[in-house]
Amino acid sequence: MKLKTFLMAGAMSAVASVAMAECAFENEVELRSLSAGFEAWNAVTDAWAECGNVQAELNQEFRTLQPQAFAADPSLYQIGGVSNGTITPLLNEGTIRPLDDLVEMYGQNLRPNQLIRINGEIMAIAMMVNTQHLMYRSDIFEELGIEVPTTWDEVLEAAAVIQEAGVVDYPLGATMKTGWNLGEDFINMFLGYGGEFWNADGTPNVNSEAGMNALETMMAMTEFMDPEYLVSDSTYVQQQFQQGRIAMANLWASRGSAMDLEGESQVVGLVDAAAAPMAVEGAAPATTLWWDGVVIASNISDEEAEAAFRVVMEGLDREMVEANNDAAIWLIEGYEPGRLALGAIATASATPPPPAYPSTSQMGLMHTALGNELAAFFTGDASAEEALEAVEAAYTTAAQEAGVLE
Amino acid sequence: MKFKTFAAFVGPSVFLMLLFIAAPLVTVFVGAFQLTQPVVEMVEEETCTPGFVTQTCTTTTVTRPVLDEFGEVVTTTEWVGWTNFTRVLDPEAAGAAIRAMDWGQLMQVDFYAALRFTLMFTLVTLPLVLGTGLAIALAVNNAARSIRGPVIFISLLPFIVTPVIGALSIRWLFIGDGILTSALEVWLDRDIAMFAQAWTIELMMLFYRVWHVAPFAFVIFYAGLQTVNQDTLESAIIDGASRWERLRYVIIPHLMPLIIFIALIHLMDTYRVFEEIVGFTSQAHVISLQWLTYDFLQPDDAGNRAFGRASASAMLTMVGIVFLLIPLLRRTWRDHKGGSH
């Protein structure tokens, strides 16, 4: 299977170099980009490569690499792929440039929705939205006569029925790998229970009722999951789905299209998506809204920035979207939502809608503290209260060191 | 040798040692007592997030670092005394846990969990590495001359594999339904998840480390075995010493300096156990001291690195190694003095 993917990639790049003419202009400036490595970035960076002289690096560790690489002078990359979470350090350190002039010159095809403005200045160009949605095996649900769950309680009930029937290895999958993924899952659940991360004076407030509820629900989920869940990230859950080993997961929308990839997936056409479940009936779905987009480094010459922006625009155009319609929930002109996008759209347009993930230093620090400290609860080394206390202690230390808390 | 010639020979290496060993050590030592913080300000910020149709804009007060005229973040560095060490060691929580005789509570402080694993790992692998290394060396030494070359080559292979790659290969053999896990499942007829609890991960790590380092011990012992006095061995045989007695009273005393040497190197290396943690992504269950330092150095999601705490933790690791080595070094020193008269 892997070999086939490689061959495909080889064939695709051969096609790409032949199809160089598809780019509207020939790029003469050496450009490098650094972004995450999911489906949508593959599509976009391939489109950039058509313009020539673009070296795209798709790296799952981009989160740790990007701040330092962009802080170098000259910056190691001209183009960066970010989300509303990972843009924070770049904004903080001033290593990305305002794009207003470039948008005016080359951004005629952008929708106003795509321009990420911070204090009125355009700092990033969004290309897609991302959120969690409930993906489920429609064939199993139909066979067992289960309604599509809308709350986590219903998810757990459905999981129990599937467990009983024994049709898959594990009814549920979740991205609960220690670190960023675990933190993200907790944040979703915590917000779903109406939690507030901070008190008015900036001290952490996760050791609260919402925090306890969130951990309790997450622990209840683990009973239906592969016991190795603390090493399971998005790719792992995606593969579990593709190999028919799980029946449900609240997974990133950007992973949806992989379910229908012939050659990789054994469940083509059998997975549907619904809105992310609610933690409390009538509340917003227990998830956060994200966008992914492009930034341009500030420590580069204006010529490089101009070339970089033109290349970026070339990748974010209608042709790319039409060729890769199902790779993401694009914000770009020409996008037609497909079957697997319905879940994410339902999530984002729910009333009340889920909140957007905030791009603040505090959120970054909190996310790290949660990701590191909560594992002790799931391994059984700490009670929920002890784990949440540890989170607050870790956050307080980190926030004091970062100067954002007295 | 004239002092000038001596100095000319030694000079470059002393210079390099100062540059690459002493200077970083001093920097880390100084860094352990300092805290560098960005200067931050509170700003009102309007942020817009795209929805499917339109954007939603919210205005919030956020903290952003202050930038100077060159676009660099303005930072302040202060002397903070033992604060970094206190934050790493958390004596308050540790004291409370020890008074309450609560092992689980003590393990809640990362440093002690890391210390527990690091010490266990170091002390358990040491005899295993020495034993396995010696066993392979004896086996090869007794093997027919014609197959010795290939056997030595094969025994050395694990040592040649890059540590992280080795750890990853073992991880892939066992994770999820890896082939070895599946084989075990079929054999034992039960569901096995090797990465779901700490002790199975620790077992795999121990196995991996012994597999990886035993060839090193083997090579050294094998070289040592070539110099065992054959006359002594023969007279031992004539005196009726069994195979075991020959090993116990002739070979092992002869190899003792080598055993100490390997033990020294192994303790120093293993106390800095790191590749296993990364390779097995075990940080939920098991962490080591070196990994803790690395974790402090990794930027968090807001882009901050805890240099102060990382330095403190690195200093503590060094102190730990020195403590471990003291008994062995004392022995070497005694032997050295004893042998000099």
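Every value quoted in this text rests on a predicted model; they were computed, and no experiment measured them. We name chains A, B, ... by the order of the sequence lines, and we start the count at 1 in each one.
- Both the backbone and the side chain of B:Asp300 have a heavy atom closer than 4.5 Å to some heavy atom of chain A.
- Atom CG in B:Leu67 sits 9.0 Å away from atom CD in A:Glu93 (nearest 0.5 Å).
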Trace of the side-chain contact (heavy atoms from CB on, under 4.5 Å) decision for B:Ile175 with A:Val231: CA-CA 9 Å; B:Ile175 197 166; A:Val231 292; 4.0 Å; yes
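- B:Arg64 touches chain A through backbone and side chain together, each having a heavy atom under 4.5 Å away.
- Once rounded to the nearest 0.5 Å, the distance linking CD of A:Glu386 with CD of B:Gln108 reads 5.5 Å.
- Of all the listed residues (A:Arg245, A:Gln114, A:Met363), the one sharing the greatest number of non-hydrogen pairs under 4.5 Å with chain B is A:Arg245.
- Counting heavy-atom pairs closer than 4.5 Å to chain B, the top-ranked of the candidates A:Thr178, A:Leu182, A:Asn119 is A:Asn119.
- Interface remark: A:Asn299 contributes no atoms to any contact with chain B (heavy atom separation under 4.5 Å).
- Near-neighbour residues of residues 366-378 of chain A relative to chain B, defined by a heavy atom under 4.5 Å from a heavy atom of that chain, comprise A:His367, A:Thr368, A:Asn372, A:Glu373, A:Ala375, A:Ala376.
- Heavy-atom neighbours of B:Glu46 CD from other residues, nucleotides or ligands within 6.0 Å: above the threshold of 12.
- Proximity to chain B (any heavy atom under 4.5 Å) is restricted, for A:Pro112, to the backbone atoms N, CA, C and O.
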Check against side-chain contact (heavy atoms from CB on, under 4.5 Å), B:Arg305 and A:Gln68: CA-CA 11 Å; B:Arg305 292 162 195 263; A:Gln68 290 294 310; 2.9 Å; yes
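- At a 4.5 Å heavy-atom cutoff, B:Thr58 makes no contact with chain A through either its backbone or its side chain.
- Between B:Gln298 and A:Arg63, the side chains place no donor N or O within less than 3.5 Å of an acceptor N or O (distance only, hydrogens not considered).
- Most heavy-atom pairs under 4.5 Å with chain B: of the set A:Asp381, A:Asn92, A:Thr86, this distinction falls to A:Asn92.
- In this structure, the portion of A:Tyr170 lying under 4.5 Å from any heavy atom of chain B is its side chain and not its backbone.
- With a 4.5 Å cut-off on non-hydrogen atoms, B:Asp90 does not touch chain A at all.
- In this structure, the separation between CG on A:Asn84 and OG1 on B:Thr47 is 10.0 Å, given to the nearest 0.5 Å.
- Counting heavy-atom pairs under 4.5 Å between each of A:Asp73, A:Val404, A:Ile118, A:Thr88 and chain B puts A:Ile118 at the top.
- Residue contact with chain B, scored on non-hydrogen atoms closer than 4.5 Å, is absent for A:Ala387.
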Candidate pair A:Gln362 and B:Thr63, rule side chain to side chain donor-acceptor pair (under 3.5 Å), full reasoning: CA-CA 8 Å; A:Gln362 282 88 339; B:Thr63 44; 3.2 Å; yes
Which donor-acceptor pairs under 3.5 Å do the side chains of residues 278-288 of chain B make with protein atoms, sequence neighbours left out?
unit_1   : atom_1 : unit_2   : atom_2 : d
B:Thr281 : OG1    : B:Arg171 : NH1    : 2.3
B:Ser282 : OG     : B:Val286 : O      : 3.1
B:Ser288 : OG     : B:Val273 : O      : 2.6
B:Ser288 : OG     : B:Trp291 : N      : 3.3

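- Minimum interatomic distance between A:Ala402 and B:Pro38 (heavy atoms only, all atoms of both residues): O-CG, 3.5 Å.
- Of the two parts of B:Gln105, neither the backbone nor the side chain holds a non-hydrogen atom closer than 4.5 Å to a non-hydrogen atom of chain A.
- Of all heavy-atom pairs between A:Glu228 and B:Met194, the closest is OE2-N, 3.0 Å.
- A 6.0 Å sphere centred on CG of B:Asp189 holds no more than 12 heavy atoms belonging to other residues, nucleotides or ligands.
- With respect to chain B, the highest number of heavy-atom pairs below 4.5 Å among A:Ala382, A:Gly380, A:Pro358 belongs to A:Ala382.
- Between the side chain of A:Glu401 and the backbone N or O of B:Gly308 there is no donor-acceptor pair closer than 3.5 Å.
- Under the rule for a side chain to side chain contact (heavy atoms under 4.5 Å, CB included), the partners of B:Val74 that lie at least two apart in sequence or sit in another chain are B:Val39, B:Val66, B:Asp68.
- Under the ring pair (Phe, Tyr, Trp, His ring centres under 6.0 Å) criterion, B:Trp82 pairs with B:Phe33, B:Phe85, not counting sequence neighbours.
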CA sep, side-chain torsions, deciding dist, call: A:Thr397, B:Arg309, side-chain contact (heavy atoms from CB on, under 4.5 Å): CA-CA 10 Å; A:Thr397 308; B:Arg309 277 185 285 163; 3.8 Å; yes
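- Contacts between A:Trp180 and chain B at a heavy-atom distance below 4.5 Å involve the side chain alone, from C-beta outward.
- Within a 6.0 Å sphere centred on CE of B:Met101, heavy atoms belonging to other residues, nucleotides or ligands number 12 at most.
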